[in-house]
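Okay, structure first, notes after.
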Amino acid sequence: ELPGKRVEGVSVHGAGCVFSAAITAGLAKGLSVADAASEAKKFVAKAIKKAVPVGKDRTPLGLL
């Protein structure tokens, strides 16, 4: 379990896909599964906070 705080007021699209890709990247760098998941969670949390609304539906993650 990776506890964390929910970012209120943001409905994002793609967080799960980015999370799994970030875990895979961490594993490719030689991190343990636990460390890769922890780093991926931090990465996705930052991306959610940087998300900028475009259009009327869900907001894409702010990955730049």
Side-chain angles (χ1 to χ4, degrees):
E1 208 174 299
L2 295 172
K5 294 184 180 179
R6 182 177 178 84
V7 179
E8 295 296 332
V10 180
S11 177
V12 295
H13 178 76
C17 294
V18 171
F19 182 61
S20 65
I23 290 172
T24 302
L27 293 172
K29 290 199 262 183
L31 297 178
S32 68
V33 173
D35 287 342
S38 179
E39 291 300 313
K41 182 170 175 60
K42 291 175 195 174
F43 178 78
V44 171
K46 286 181 188 177
I48 290 171
K49 290 176 185 173
K50 289 183 176 183
V52 178
V54 291
K56 297 179 182 179
D57 281 333
R58 294 184 187 153
T59 301
L61 295 177
L63 298 174
L64 300 176

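Predicted model, so just to flag it, every value in this text is computed and none were measured.
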Can you give each donor-acceptor pair under 3.5 Å made by side-chain atoms of residues 12-24, sequence neighbours left out, with the distance rounded to 0.1 Å?
{"from": "S20", "atom 1": "OG", "to": "G16", "atom 2": "O", "distance (Å)": "3.4"}
{"from": "S20", "atom 1": "OG", "to": "C17", "atom 2": "O", "distance (Å)": "3.0"}
{"from": "T24", "atom 1": "OG1", "to": "S20", "atom 2": "O", "distance (Å)": "2.9"}

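Applying the side-chain hydrogen bond (donor to acceptor under 3.5 Å, both in side chains) rule to S11 yields no partners; only residues at least two apart in sequence or on another chain are considered.
Listed by first then second residue, pairs satisfying salt bridge (Lys or Arg N to Asp or Glu O under 4.0 Å) with a partner in residues 27-42 read E39-K42, not counting sequence neighbours.
L31 and V44 are not part of a single hydrophobic cluster, where members link through side-chain heavy atoms under 4.5 Å apart.
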